[in-house]
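To start, the structure under review is shown below, and the notes come after it.
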Amino acid sequence: MNSKTPILEVNQLHTHFFTKSGVVKAVDGVSFAITPGETLGIVGESGSGKSITAMSIMNLIPSPPGKIVDGEILFKGEDLLKKSEKQMRKIRGKEISMIFQDPMTSLNPVFTVEKQMVETILVHEKMSKKQAKDRAVELLDLVGIPEARGRLKNYPHEFSGGMRQRVMIAMALACNPEVLIADEPTTALDVTIQAQILELLARLQKELGMAIIMITHDLGVVAEVCDRVMVMYAGKPVEYTDKNTLFEQPKHPYTLGLMNSIPRIGAKQEKLAAIQGLPPDLRALPGGCSFAPRCTHAMESCLSHDPAWTEQAANHHVRCLLYEEDEEKVVSE
Amino acid sequence: MSVLLEVNNLKKHFPIKGSSLFEKEKRAVKAVDGVSFQVNKGETLGLVGESGCGKSTTGRAILKLLEPTSGEIRFNGEDITGYRGEKLRKLRRDMQLIFQDPYASLNPRKTIEQIITEPMKIFGMPKGERKQKLDRLLEVVGLSSYHKQRYPHEFSGGQRQRVGIARSLALDPELVICDEPVSALDVSIQAQVINLMEELQEEFQLTYLFIAHDLSVVHHISDRVAVMYLGQIVEIGEVEELYANPKHPYTQALLSAIPEADPKVSRERITIKGDLPSPSNPPAGCKFHTRCPYAEEICRNVNPELKQVSTDGQQAACHFVKEVALEY
């Protein structure tokens with residue numbers, strides 16, 4: 001792992017939603033750091049809090065009902081949570097950008113791509129309209145859209161899904177961001193197009209040196225593009241380490257469960273090792289470890305004792321009683 | 001093994017509205033353009049392809065939810081293409097559908113009991129029998145009897161899909177067409193539903209036509225696989241053989257594009273350029289030639305037919321299938 005200073009550091013982030021039926025702890029104690037040029041994967045299923053983590057970094061949590069109740073988000077050493085909305089607006093889209101899952105709903109259907117791109121550029125950069133337009137052409141070229149200048153006049157619906165995602169990426173890159181948050185950028189795309197987009201992101205990262213936070217539910221995508229990975233379950237990180245360690249020696253039973261549930265080509269399994277049960281209701285989390293009711297290794301103490309976030313080996317964090325120092329608990333299984 | 005479903009040269013074209021009154025030839029989206037395959041009793045045929053390749057339309061045309069433009073569909077040896085009215089209604093008993101979206105395919109105003117027993121009611125099953133069948137179905141799909149009085153919104157996505165599966169089994173069908181049954185579900189739930197579908201297949205001797213875009217899921221569940229591109233089957237064969245030795249360049253590219261959940265595996269990736277051409281104006285000749293790395297003159301003019309490429313029945317539609325296979 002590199003020893004560069006992190007560009008973005010999240011410490012003990014807690015984002016809660018205060019709803020009529022109770023407090024939803026969507027993000028409950030997430031910490032990570034990312035250095036320039038690095039790709040961090042955040043993996044989890046729906047409701048695990050991975051997208052809310054991203055929205056919290058961008059300070060885009062709808063409030064009310066949502067609120068960041070605790071934690072700090074340090075960007076170049078400054079806490080983003082202490083910034084005013086006006087200051088945030090300068091950072092958002094310029095220094096930290098985001099691309100979303102569904103390019104159709106994130107682009108405005110009634111404006112041409114030119115209008116949307118030029119607007120984004122002019123908000124952040126002091127330049128003339130003509131310069132902004134040239135920059136837009138340059139960006140579309142960069143993301144591999146053929147005949148970029150001509151296509152500026154097109155509306156989003158005139159692009160295919162993969163091309164629309166390229167437009168989104170071009171817009172996100174408009175001001176050379178230092179951190180790019182990609183929230184399921186290829187989930188809505190077909191595999192051959194997904195391969196194109198992942199390749200494009202890797203190339204752009206190499207050329208521009210930005211840090212990427214890749215939010216995904218697809219372990220295949222993680223294996224392909226990430227340097228380090230954080231696995232989340234029910235709002236909490238359960239495992240955090242570098243990619244190779246995660247795939248070679250996964251420690252948390254949930255990570256193991258996820259890896260065993262995906263059908264693999266090459267080795268035909270008789271039956272998939274599914275994780276039993278359902279993800280918990282975030283309004284009424286079980287006491288103790290949230291994963292305990294579905295865990296095959298669960299012990300009695302798992303139901304009452306919430307495991308701590310421990311560094312089990314160098315740069316390998318796990319939240320599980322199996323790996324806590326107290327050996328007795330492990331033995332009593 | 002006997003053939004349960006046979007599809008011959010099936011076509012489904014959707015005319016484009018607003019094409020000029022004086023145009024000689026009506027323009028149409030050729031969603032399915034000459035598809036032929038067989039499904040044997042008790043097997044699972046996987047139908048894969050990217051969005052817009054016509055896999056769902058094929059499924060719906062077989063069920064006659066869409067009237068096929070031309071071609072022939074034989075079910076249990078009988079030509080059902082022209083079936084209408086009462087005859088078609090009776091036939092639907094034996095062919096059922098599981099939908100992709102468990103949120104949109106269950107009526108939000110009906111209880112689970114009403115949803116699952118409705119098909120039985122329509123086919124005149126007496127009340128007592130319906131109740132028994134309902135309990136049995138709930139049990140086999142892994143739901144409890146106290147779920148009966150609940151409404152769809154009270155269930156998670158995976159549970160809803162179980163309800164959808166129970167409903168499709170209510171009439172003891174022979175053929176179940178599964179249209180992306182697990183693509184809306186989370187990985188851990190997806191594995192549960194796939195296991196369930198496999199158990200049910202064994203228990204009720206079901207035949208599945210499994211439509212999906214996820215190649216690893218299709219690999220897991222299918223006995224044979226057909227790959228579609230722009231309304232046509234480009235390759236079909238036994239699952240292991242097809243995945244190990246794909247002969248068509250599109251299948252090769254598709255398989256190489258799957259991100260593998262193992263960082264140690266590094267594969268030669270064949271990235272195909274560009275996007276899927278529009279099915280309303282498909283390229284002449286081989287439909288894949290615009291993106292194919294091996295395309296030559298003949299590909300631009302002549303559409304290749306499916307031909308035998310191995311001894312165990314694998315077929316591919318490519319002019320250069322021998323040469324391509326050698327290079328791969």
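Letters A, B, ... are given to chains in the order of the sequence lines, protein chains preceding strands, and every chain is numbered from 1. Predicted, not measured: the structure shown is a model, and the values here were computed from it.
- Note: A:A223 leads A:A223, A:G47, A:G144 in heavy-atom pairs under 4.5 Å with chain B.
- Nearest heavy atoms, B:P259 versus A:V221: CB-N, 3.8 Å.
- Heavy atoms of B:S51 lying under 4.5 Å from chain A belong to its backbone as well as its side chain.
- Contact detail for B:V187 and A:E45: the closest heavy-atom pair is N-OE2, 3.5 Å.
- Interface check for chain B: of the options A:G277, A:P146, A:P279, the most heavy-atom pairs under 4.5 Å are formed by A:G277.
- The 12-atom threshold is not exceeded at NZ of A:K25, counting heavy atoms of other residues, nucleotides or ligands nearer than 6.0 Å.
- The distance from atom CD1 of A:I262 to atom NE2 of B:H220, rounded to the nearest 0.5 Å, is 12.5 Å.
- Here the CG-CG distance, from B:D262 to A:L219, works out to 11.0 Å after rounding to the nearest 0.5 Å.
- At most 12 non-hydrogen atoms from other residues, nucleotides or ligands lie less than 6.0 angstrom from CD of B:E139.
- The shortest heavy-atom contact between B:S188 and A:A274 is O-CB, 4.2 Å.
- Within the 3.5 Å criterion, the main-chain N or O of A:S46 finds a donor-acceptor partner in the side chain of B:D186.
- Residues A:P263 and B:H219 are not in side-chain contact: their nearest non-hydrogen atoms beyond the backbone lie 4.5 Å or more apart.
- Counting all heavy atoms, side chain and backbone alike, B:S156 lies closest to A:L278 at OG-CD2, 3.7 Å.
- Shown here is A:E207, whose CD atom has more than 12 heavy atoms of other residues, nucleotides or ligands within 6.0 Å.
- With hydrogens and angles ignored, the 3.5 Å screen pairs a side-chain donor or acceptor of B:Q192 with a backbone N or O of A:I275.
- Separating the CD1 atom in B:I194 from the CG atom in A:L272 is a distance of 5.5 Å, to the nearest 0.5 Å.
- Of all heavy-atom pairs between A:V191 and B:A257, the closest is O-CB, 3.7 Å.
- Both the backbone and the side chain of B:I272 have a heavy atom closer than 4.5 Å to some heavy atom of chain A.
- A salt bridge is absent between A:R264 and B:E260; no separation between the charged side-chain nitrogens and carboxylate oxygens falls under 4.0 Å.
- Contact of B:E50 with chain A is made through backbone and side chain together, with heavy-atom distances under 4.5 Å.
- Your options are A:G162, A:A273, A:C226, A:S160, and the one with the most heavy-atom pairs under 4.5 Å with chain B is A:S160.
- Chain B forms the most heavy-atom pairs under 4.5 Å with one residue out of A:Q194, A:M163, A:E199, and that residue is A:E199.
- The greatest number of non-hydrogen atom pairs below 4.5 Å with chain B, out of A:E248, A:K243, A:Q196, is found for A:Q196.
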